[in-house]
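Because only heavy atoms are used, hydrogens play no part in the values below, and waters and symmetry mates are left out as well, while side chains stay in. Just so we're clear, the structure is a prediction, and the values are computed from it rather than from any experiment. Just so you know, ligand 1 is whichever comes first in the structure, and atom 1 is the first atom listed for that ligand.
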Amino acid sequence: MNKETLTRELFNEVMVPNYAPGSIIPVRGEGSRIWDQEGREFIDLQGGIAVTCLGHTHPGLIGALEEQAGKLWHLSNVMTNEPALRLAKTLCDHTFAERVFFANSGAEANEAALKLARRYAWEHHGEEKNEIIAFKSSFHGRTLFTVSVGGQPKYREGFEPAPGGVAHADFNDLESVKKLISKDKTCAVIVEPIQGEGGVIPADPEFLKGLRELCDENDALLIFDEVQTGVGRTGHLFAYQMYDVVPDILSSAKSLGGGFPIAAMLTTAKVAASLGVGTHGSTYGGNALACAVGQKVIDTVIQPDILKGVVARSDRLRKGMMAIGERYGVFSEVRGAGMLLGCVLTDEWKGRAKDFLNAGLDEGVMVLVAGTNVVRLAPSLIIPEADIDEALERFETAVKKLTAA
Ligand SMILES: *Cc1c(COP(=O)(O)O)cnc(C)c1O
């Protein structure tokens, strides 16, 4: 089959209609540039939704993948393997974690985190302590448990009955958590340090500190979902390090593989002990190829000049977007951290985020949305500054045309 038959129309004929992909079909990428079937070139500020943290076809990642591909791909968890051990050790060395569980997606890492929190409370406090507090507008994945914990009811509509024992508080509102939390019932609080899908909304530092205290007072575990904020995205390896609030469990995915599927749940030795032999598992979790790629991602991202570069790039991109926002009256605010930015539409443009995405594509720049009121940017952590400048020029042209229309 060739490009004439591999069309966007074919999607409707052979794929389940749960996505609505755009009209172009990218076929090649290099750094922060992408080319489609027609040879049209785009600057990529989507980053595969905070996944391709080192851009496309990064030579180091290709090298790591090829080297491991020639050695050993997969064993099963009946045996361990060197890449998994090495990556787990690296993650423990650079974080609060003492134990790691590998999975394949963000939802799976969260599923493991939530199951572990239940199991830990069951073991230490009894079965009554099973309630999970999550936040409205939060996103934790698409398995039945994670859409039930997530704070967007539309994602569980029609899939009920959903797992029970979940309550939703208001993000950045400690009082709403105090009303729900209790020593008898609450086993865990799960929160994104920056709500990604919910609109790129950063947690207030005091809010996360308050959650830590409330969890301690109520013998509940604090889970940070860092699937979107982790692996250098904020200019820190993980966002908890920026906030200086240490969770009991942390989930990572997306950027962890730089485009190769891998996820990890990080925790302490004490908490990890509740997932004893046979309590949980995954066929592909800890796959040697995935861990070899993840290792190269972490080894690269952890370098101080890369993390510092994220902050510099963030400033450049944020200022540029804010300037466009002011010139055309489209953004009221640009929020977020590092290479995870949300440009909030002004009242006049409310509900039209998708129009900005489409206008960008017409001018050769790929941006994301987060809901209908926020234009989201999650590019590579090492996007060249020249690409940022050119992306801003292209996006300005897009906004100019959109606002003149
Ligand atoms: C994307 C995302 C998930 C889900 O990850 P998948 O790999 O799609 O399962 C979970 N939590 C957050 C915060 C995310 O951004």
For [X], take its heavy atoms, then give the atoms of ligand 1 lying under 4.0 Å from any of them.
| X | answer |
| --- | --- |
| Glu192 | 13 (C) |
| Ala107 | 4 (C), 5 (O), 6 (P), 9 (O) |
| Asp225 | 10 (C), 11 (N), 12 (C), 13 (C) |
| Gly141 | 4 (C), 10 (C) |

Problem - Tyr155 ring center within less than 6.0 Å of Phe139 ring center - result: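 Judged by ring-centre distance (under 6.0 Å), Phe139 and Tyr155 do meet the cut-off.
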Where does [X] meet ligand 1, judged by heavy-atom distances below 4.0 Å: at the side chain, the backbone, both, or neither?
| X | answer |
| --- | --- |
| His140 | backbone |
| Asn110 | side chain |
| Ala253 | neither |
| Lys254 | side chain |

Exercise for the section: Examine the side chains of Ser137 and Gln152 and answer whether a donor and an acceptor come within less than 3.5 Å of each other. Expected result: no
Problem - Donor-acceptor side-chain pairing of Arg376 and Gln228 below 3.5 angstrom - result: yes
Handout entry: Within-cutoff protein neighbour (heavy atom, under 4.0 Å) for atom 15 (O) of ligand 1
Key = yes
Exercise for the section: Please determine if Val227 has a nitrogen or oxygen closer than 3.5 Å to a nitrogen or oxygen of ligand 1. Expected result: no
Practice task
Please indicate whether any nitrogen or oxygen in Gln228 is less than 3.5 Å from any nitrogen or oxygen in ligand 1.
Solution key: yes
Practice task
Ignoring hydrogens and angles, tell me if any N or O in the side chain of Ser255 forms a donor-acceptor pair with the backbone of Ala50 under 3.5 Å.
Solution key: yes
Practice task
Determine, for Phe42 and Arg33, whether the Lys NZ or Arg CZ falls below 6.0 Å from the six-membered ring centre while staying within 45 degrees of the axis.
Solution key: no
Handout entry: Full working for ring-ring contact (aromatic ring centres under 6.0 Å, His included) between Phe135 and Phe207
Key = CA-CA 12 Å; Phe135 294 94; Phe207 176 64; 5.4 Å; yes
Handout entry: Qualifying residue, where the test is side-chain hydrogen bond (donor to acceptor under 3.5 Å, both in side chains) with Ser274 and the options are Lys115, Arg119, Arg118, Glu123
Key =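 Answer after filtering Lys115, Arg119, Arg118, Glu123: Glu123.
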